[in-house]
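All remarks here apply to the structure that follows.
Remember, it's 1-based here, ligands and their atoms both numbered in the order they're listed. Since the structure is predicted, the reported quantities are computational estimates derived from the model, not experimental observations.
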Amino acid sequence: MLRGALRPVIAQTGRHCTISKPYSHTIKGKEQAGAIAASLRRFSQAGGPVTMIFRQYVVVVKVVVKVVIVVIVVVEVMVVMVVEVMVVMVVEVMVEVMVVVMVVMEVVVVVMEVVVVVMEVVVVVEVVKLFDRDSCTYTYLLADPNTKEAVLVDPVIELAERDAKLVKEMGLSLKYVMNTHVHADHITGSGLLKKLVPGCRSLISQVSGATADVHVHHGEVVTFGKQQLEVRRTPGHTYGCVTYVCHNEKFALTGDALLIRGCGRTDFQEGSSETCISPVHSQILSLPDTFALYPAHDYVGQTVTSVAEEKTLNPRLTKSKEEFITIMSNLGLAYPRKIDVSLPANKVCGLYNLPEDLAAKLADK
Ligand SMILES: N[C@@H](CCC(=O)N[C@@H](CSS)C(=O)NCC(=O)O)C(=O)O
């Protein structure tokens, strides 16, 4: 279609024909254009002043169109190439990033696996509970399974051989034989165990006033293998009472300062109901609720409690100081049967003024 292509035809008055306005026609194809051109040519030869420039005009338009098409094709090809190159580069970068992320994740997984294995191997403390039916005393054997180093807390002299046998059977290296306080109801096994298990050392708080190889103070840490027990003063039952806290494994050995649903009596050995309740709250019941609490005695068969339980259910320690003092002055407990032999013996790790059978046992070793 070449609509308007003849507009520039110049029309002037001729001899045979007058074209009074610009010729405007739609030409379809070369044949029609040729026919019109021929008729105009005849008209011109007849004297009509016609200038035919439409052919050139069509040629120019065709060339321009072809150039434009070529340019479009070239641009199209270039754009496709550039896009392809960019897509390839982006995909390559994404693949590389994903590879790096996967490598990092694998490293993190390996590190976490190592941490879990190390924690399993290092952090666990074996707690073995031993019981003396006569005095209702709990003795605790704590061991680091990694290094095999162990400590024995609150042993009873009559059962020292049982404890020494267990230590040997378990292949443990007994570092300390220790007490939470100077006991009034039984003679400690510390002295005899030092003989039965050579190399172990006796340990008690400085403020207890008892002799021992090692004296500890409030805030100090007792170590065995990779394990630690923090020493916390909890006076009240006796002046020298301490609690041993194992933060790693979230438990505490409370001695007689806190018993399950009760607490140690305060009517002898510099005991004091006035000073008892405050340290029990600040040093034991201030631990996280989930901490397990292991007492030195239980008279009704209970074995373990927790901070949460005792904070809410202990019938003595949940009371006000005044109510607590009243309760403690009315316990009506009988004087401990063995107090007269226990106290002097325990002042020297169970090595003084022993009953005949125990003295003989000790002499044999
Ligand atoms: N009957 C026992 C002694 C019982 C006793 O008095 N236990 C003490 C801890 S050992 S000194 C205690 O504090 N008890 C508190 C309680 O509420 O029971 C014996 O004769 O050995």
Side-chain angles (χ1 to χ4, degrees), residues 129-140 153-160 178-190 204-205 207-210 233-244 252-281 283-285 293-305 309-311 313-319 321 323-347 349-350 353-355 357-358:
K129 274 177 271 172
L130 301 157
F131 191 61
D132 171 34
R133 286 198 208 95
D134 187 43
S135 63
C136 293
T137 299
Y138 282 118
T139 299
Y140 297 96
V153 184
D154 288 337
V156 176
I157 194 167
E158 286 87 352
L159 296 171
M178 47 207 272
N179 281 284
T180 51
H181 62 290
V182 172
H183 301 275
D185 62 332
H186 67 272
I187 299 173
T188 176
S190 302
I204 199 165
S205 74
V207 281
S208 70
R233 277 205 69 200
T234 45
H237 170 61
T238 73
Y239 183 69
C241 280
V242 295
T243 290
Y244 297 113
L253 307 182
T254 60
D256 291 7
L258 183 146
L259 304 178
I260 301 174
R261 309 293 189 268
C263 63
R265 62 199 290 176
T266 51
D267 51 338
F268 51 74
Q269 269 185 288
E270 301 167 274
S272 161
S273 56
E274 300 238 338
T275 55
C276 185
I277 193 163
S278 171
V280 169
H281 275 275
Q283 303 302 319
I284 300 174
L285 297 180
L293 302 178
Y294 296 114
H297 299 284
D298 192 81
Y299 301 101
V300 291
Q302 303 163 114
T303 57
V304 63
T305 185
E309 270 184 60
E310 296 309 315
K311 267 195 331 196
L313 299 174
N314 192 300
R316 300 178 193 169
L317 299 168
T318 48
K319 299 291 188 296
K321 187 175 172 183
E323 288 172 300
F324 178 76
I325 292 169
T326 308
I327 290 169
M328 296 310 283
S329 357
N330 293 294
L331 286 184
L333 293 170
Y335 211 54
R337 287 169 292 134
K338 297 181 183 171
I339 189 168
D340 295 331
V341 290
S342 298
L343 284 184
N346 289 338
K347 287 274 181 190
C349 293
N353 199 19
L354 299 178
D357 53 338
L358 291 176

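- The backbone N or O of G262 sits less than 3.5 Å from a side-chain atom of N314, completing a donor-acceptor pair.
- Y244 is linked by a ring-ring contact (aromatic ring centres under 6.0 Å, His included) to nothing, counting only residues two or more places apart in sequence or in another chain.
- A distance of 4.5 Å separates CD in E310 from CZ in R261, rounded to the nearest 0.5 Å.
- With sequence neighbours excluded, the residues forming a ring-ring contact (aromatic ring centres under 6.0 Å, His included) with Y140 are Y294, listed by chain and number.
- Residues meeting the side-chain hydrogen bond (donor to acceptor under 3.5 Å, both in side chains) test with T275, sequence neighbours left out: S272.
- Near ligand 1, heavy-atom contacts under 4.0 Å come from D185, H237, D256, L259, C263, G264, R265, H297, Y299, R316, L333, P336, R337.
- Note that OG1 of T254 and CG of L293 are 6.0 Å apart. Values are rounded to the nearest 0.5 Å.
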